[in-house]
Amino acid sequence: SDLRQMLATKSVENIQFLPFLTTDVNNLSWLGYGCLKQDWTLIAVNTIGAALQTLYILVYLYYSPAKRTVLLQGLVLLAVLATGYGYFTLVVGDARTRLARLGLFCSAFTISMYLSPLADLARVVRSRSTRCLSFPLAVTTCLASSSWTLYGLQLQDPYITVPNVPGIVTSIVRFWLFWRYRDKPHR
């Protein structure tokens with residue numbers, strides 16, 4: 001919906017850039033984990049996710065009046081990825097250790113992404129309004145985190161299972177907030 005809004009309005013007004021950037025880092029990290037593990041599901045899903053997030057970043061950059069800031073943040077992302085790649089390929093020699101450390105990094109990053117909307121949840125409770133929340137995003141987050149949790153359980157991979165549980169929990173909390181503070185019709 002953000003991409004549609006940017007293309008329709010030819011503007012990035014009211015659209016935050018950081019979620020695109022962090023999701024791209026998340027997809028690229030999990031893509032690396034999938035490549036190390038030779039897991040074609042992780043590779044396919046995260047290749048598509050990274051490509052879409054990169055497209056969103058490029059569209060955002062095109063319509064952003066603050067191109068310098070967006071480019072700087074993008075360059076920081078590339079520097080972080082290059083540093084991570086160097087660490088995981090040059091410093092960590094053992095393949096099992098590399099997989100475990102990358103899995104831990106991916107897990108920590110995913111958990112932080114799922115917990116980041118907590119600030120919005122506090123605002124909802126204070127304002128008693130869910131206008132700042134996206135119901136479709138809550139649904140897709142719940143479905144995606146549930147799917148990844150089940151996939152991780154099937155593979156018996158805690159690096160996939162554990163970080164997706166907070167996504168389920170925060171989605172349930174958002175659903176409860178939508179129910180509790182549903183916007184009443186104006187009279």
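Pairing each heavy atom of Ser145 with each of Gly167, the nearest pair is OG-C, 3.3 Å. Nearest heavy atom pair, residue Pro166 against residue Pro163, reads CD-O, 3.3 Å. Minimum heavy-atom separation, Pro65 to Val12: CD-CG2, 4.0 Å. In plain terms, the two heavy atoms of Thr22 and Phe109 that are nearest each other are O-CE2, 3.2 Å.
Side chains of Val173 and Phe178 form no contact here, defined as non-hydrogen atoms less than 4.5 Å apart. The shortest side-chain heavy-atom distance between Thr141 and Arg174 falls under the 4.5 Å cut-off. Using a 4.5 Å heavy-atom cutoff, the side chains of Leu36 and Phe88 are not in contact.
Taking OH from Tyr56 and CE from Met6, the interatomic distance works out to 8.0 Å, rounded to the nearest 0.5 Å. To the nearest 0.5 Å, the span separating OG on Ser129 from CZ on Arg123 amounts to 10.0 Å. In this structure, CG in Asn26 is found 4.5 Å from CE in Met113, a value given to the nearest 0.5 Å. In this structure, the separation between SG on Cys106 and CG on Leu42 is 9.0 Å, given to the nearest 0.5 Å. Taking CD of Gln53 as the start and CG of Leu77 as the end, the distance is 11.0 Å to the nearest 0.5 Å. In this structure, CG on Leu61 lies 11.0 Å from OG1 on Thr69, to the nearest 0.5 angstrom.
Each of Ile57 and Val76 belongs to its own hydrophobic cluster when Ile, Leu, Val, Met, Phe, Trp and Tyr are linked at side-chain heavy-atom distances under 4.5 angstrom. Leu55 and Val45 fall within the same hydrophobic cluster, defined by Ile, Leu, Val, Met, Phe, Trp and Tyr side-chain heavy atoms under 4.5 Å apart, directly or through other members. One hydrophobic cluster, built from ILVMFWY side chains closer than 4.5 Å, holds both Ile160 and Ile43. When the side chains of ILVMFWY residues are joined at heavy-atom separations under 4.5 Å, either directly or via intervening members, Leu104 and Val91 end up in a single hydrophobic cluster. Each of Tyr114 and Leu150 belongs to its own hydrophobic cluster when Ile, Leu, Val, Met, Phe, Trp and Tyr are linked at side-chain heavy-atom distances under 4.5 angstrom.
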**Item:** Phe105 and Ser29: CA distance, side-chain angles, deciding distance, side-chain contact (heavy atoms from CB on, under 4.5 Å) verdict
**Value:** CA-CA 8 Å; Phe105 171 80; Ser29 299; 3.3 Å; yes
**Request:** Walk me through it: do Thr149 and Ile168 pass the test side-chain contact (heavy atoms from CB on, under 4.5 Å)?
**Result:** CA-CA 9 Å; Thr149 299; Ile168 297 169; 3.6 Å; yes
**Request:** Show your working on side-chain contact (heavy atoms from CB on, under 4.5 Å) between Arg101 and Tyr87 and close with a plain yes or no.
**Result:** CA-CA 10 Å; Arg101 288 188 183 168; Tyr87 171 76; 2.9 Å; yes
**Prompt:** Given the rule in the side-chain contact (heavy atoms from CB on, under 4.5 Å) test, do Tyr63 and Leu7 qualify, once you have shown the distances and angles that lead to the verdict?
**Reply:** CA-CA 9 Å; Tyr63 289 119; Leu7 293 172; 4.0 Å; yes
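Thr110 contributes no side-chain N or O that, together with a main-chain N or O of Ser107, makes up a donor-acceptor pair within less than 3.5 Å. No donor-acceptor distance shorter than 3.5 angstrom exists from the side chain of Asp24 to the backbone of Phe20, with no hydrogens or angles considered. In this structure, Arg128 contributes its side chain and Tyr181 its backbone to no donor-acceptor pair below 3.5 Å. Between the side chain of Ser146 and the backbone N or O of Leu143, no donor-acceptor pair lies under 3.5 Å. Under a 3.5 Å cut-off, the side chain of Lys37 and the backbone N or O of Leu99 do not form any donor-acceptor pair. Although no hydrogens or angles enter the test, the distance criterion places a donor-acceptor pair under 3.5 Å between the side chain of Arg98 and the main chain of Gly93. Proximity of a side-chain donor or acceptor of Asp39 to a complementary backbone N or O of Cys35 within less than 3.5 Å is not detected.
Side-chain contact, Tyr151 with Asn164: no donor N or O sits under 3.5 Å from an acceptor N or O.
Note: Tyr33 and Trp30 have perpendicular aromatic rings, judged against thresholds of 30 and 60 degrees for the angle between ring planes.
For the side-chain contact (heavy atoms from CB on, under 4.5 Å) criterion with Asn27, the lone passing option out of Thr23, Leu31, Val25 is Thr23.
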